Amino acid sequence: MSRPATTAWRPRAPRTVSWLLVPLLLLGSACGGPMSSPEAAPEEAGAWSLYGAAQTARGEDGMVVSGHGLASDVGAAILARGGNAVDAAVAVGFALAVVLPAAGNIGGGGFLVYRPSEGEVRALDFREKAPAAATRDMFLDGEGKVTEAVVIGHLAAGVPGSVAGLWAMHGEYGTLPWADLVAPAIELAHGHEVDEVRSRSLAGAAPRLSRFPASAAQFLVDGEAPAPGSLLAQPDLAVTLTAISEQGPDGFYGGAVADLIVAEMERGGGLITHQDLESYAPVWRGPVEVEYRGHRIYSMPPVSSGGLTLGLILNVLEGWDPLPPFGSADLVHLEAETMRLAFRDRNTLVGDPDFVDVPREQFESQDYADGLRARIDQERATPLPPVEVAPPAESTETTHYSVVDRWGNAASVTTTINSGYGNAVTVTGAGFLLNNEMDDFAASPGRPNQFGLVEGENNAIAPGKRMLSSMTPSIVLDPEGRLMMVVGTPGGPTIITSVYHAISNVIDHGMTLDRAVESPRVHHQAWPDQIFYEEAGLAGDVVEELERRGHRMVGRGLSGDVAAILVEESGLLGVADPRRGGGASAPDSPGDAH
Ligand code: GLY
C-alpha cells in the first residue's frame, strides 16, 4: 500500500482544550492496581475524570491485560510457569467465562490475531454461526417488524465457537497441557469473590436474568445480585469445564454438555441441534494489514468489519499530517467525517466472506481512501441520506484481552456473547450463558439492530453463516517492524473507533499508553448520523463549534474498555481501561526457559 499524498490541514484559531470535571462513574475497587498511571502529567491529572485512573502493570517477562483482574492473574501465572502467549490466552479465555459472565464465555465466539515472535501473523475466526434451521426472516413479525426474540431468549443464540477456537489456537501454538489451562477456571467456578463492578453489573441485568430460572439460580440470590465480597459458586459450570478439560471440544460439542444445550433449545424454542454443534469449526484467516505513518497494524479480517474499517479510517486520516490537536473541534470534525464514510461502507459491504463477496480491496486501497478524503469538507459536516433508526443501546458488552510473553509472541483476543449476559439464557445443568449473536445479522436489512447499526443484504441471515462483527483485536508494529502494541476493546460498533483512538493517541498525539486509553473518545457510525461523545469528554465550546459545522452532537456514557500492552525500552507496560474495572497483570516469577 503506497503512502498517500499529504493533505494540508488548515489550522483554525488556536483553542484551549478545557476538559471538564465529571464524577468517576464506573470505577470500583477493582481499579486499584500495582502501579497507578505513573506518567500522567500532574498538571492535567484530574481535568478529565479518568486521567490517572487506569490500572497499569509493568513487566519484563510478559504481560496480560483483560476485562477482569482475576483472569489477568490466571494468565500471568501461566506465563510465570513457562507458558507462552497462546497458553495464557487460552487460560484467560476460560477464566473470563467464569468471572466475567457479562461477556466472558464458552457460549459465544470471538477472534484471535496472533503474531509469533517468528513466523507469519494469523487470525483465527471462531465467530458463532447461524443454526442450519435459521431463516432470513426468522425475527420478523406479521408486520415485518423485528421481534424481541432477536436479543433475548433461545432463538437469539448462534452456534457457539469459543471452545473450538481456544482448542484450535492451543493445538496450533500452545505448549502447556490443555487441562492445565482449564484448571484455573474450574477452581474459580467452585467459588470466587464477586467484586463491586460485577455486583453492580449483575444488579443491572437481574430483570433479564430473572426471566430464565437457570440464570436466576446461577447468578442471583433471591432475585438480587450477589453483594460485593460474597462468594459466587457455579458448580454446573465447574462440571462443564471439567468435561472440556478432559475431552477438549468433544466435551462441549458432544456428550452430556451437547445434550444439555439441545435440551435447552427444545425447552425454549431455540434452533441449535446436535448436528449444528458437531459441525462447528473455526477458520484460520489472513489478517488485515494496514500501514499507518510508518507503522504496520494487523487486525481482524471479515467476518469482522473491524480490521477493514479501522484500516479505512486510518488510510483517510493519514492524509492529514499532522492531525489537528487532540480535543479540538478540527480533529473531531475530521474524525467524524472519516468515520461516517468508513462506517457507511462497512455497514453495506461487509458480511461473511464464505457467503458473500466482500470488496476487501476497496477498503485497503489507498486510491479509494484518497477519494473519500477529497470529499471531506473541512468546515462543514456532509450528512448522509436520513434513515429511520432507533437510538442505539449504550451498554455494549464483549471483552478483550491482550497477551505478550517473554519471547515476544503476542495474542490479541476479543470474545463476546454480544449483549451483556448474552441472550440471558443459562443452559440448564451446564451453567453457562448463551449468546444473542443473531442480532449481529441484519435481521431486517436496512433497519437498525440493538446498536443502531443499519446494515445491508450482505449481512442477512442464512443457515451456517457467520454474523458481521465489529470486534477489532489488533497488533501494531513500530517503523522498524518490532512489536509495539497489542490492543482491543468491547463496545459494539464503538470497538472500531475506540481501537482507532488508542492507536492514534499513541502514534499521532504522542500520548503515553495509559493516557491514550484513559482519554475521552468520540464515535460516528454513519447511521444515526450523529457524533457520540463521552459526556463531558468534549469542552462546551468544542461541542458548540461542531454543532455550528452541522454535526448532531450526542453526549452519552463511557465507551469501551480497552486492554492494551505497549512494548517500551524498559519492558512491557500493560494498561487496563478504568471504564469497566479490568486488570493488568505481569508474571512475578521468571519460570523456566522455554
Ligand atoms: N457482538 C459485537 C460484535 O461482534 O461486534
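These numbers come from a predicted model, not from an experiment. First listed ligand is number 1; within each ligand, the first listed atom is number 1.
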Check ligand 1 against [X] and write out every atom of the ligand that is under 4.0 Å from a heavy-atom position of the residue.
{"X": "Met471", "answer": "3 (C), 4 (O), 5 (O)"}
{"X": "Glu437", "answer": "1 (N)"}
{"X": "Arg127", "answer": "4 (O)"}

For this session: Using the six-membered ring wherever Trp is involved, compare the ring planes of Phe532 and His523 and label them parallel, tilted or perpendicular (cut-offs 30° and 60°).
Result: parallel
Heavy-atom nearest pair, Ile496 first then Phe343, reads CD1-CZ, 3.7 Å
Val121 and Arg115 have their tightest heavy-atom pair at CG2-CG, 3.7 Å
*Between Asp529 and Arg552, is the closest basic N to carboxylate O distance under 4.0 Å?*
no
Original post:
Thr428 and Arg267: side-chain donor and acceptor closer than 3.5 Å?
Top reply: yes
**Asked** In terms of side-chain heavy atoms, does Asp345 have a donor or acceptor partner in Tyr368 at a distance below 3.5 Å?
**Response** yes
Short version for Thr416: what comes under 4.0 Å of ligand 1, heavy atoms counted, is side chain
Look at [atom] and say which protein heavy atom is nearest, naming residue and atom and giving the distance to 0.1 Å.
{"atom": "atom 2 (C) of ligand 1", "answer": "Asp440 OD2, 3.3 Å"}
{"atom": "atom 4 (O) of ligand 1", "answer": "Ser469 OG, 2.6 Å"}
{"atom": "atom 5 (O) of ligand 1", "answer": "Ser470 N, 2.7 Å"}

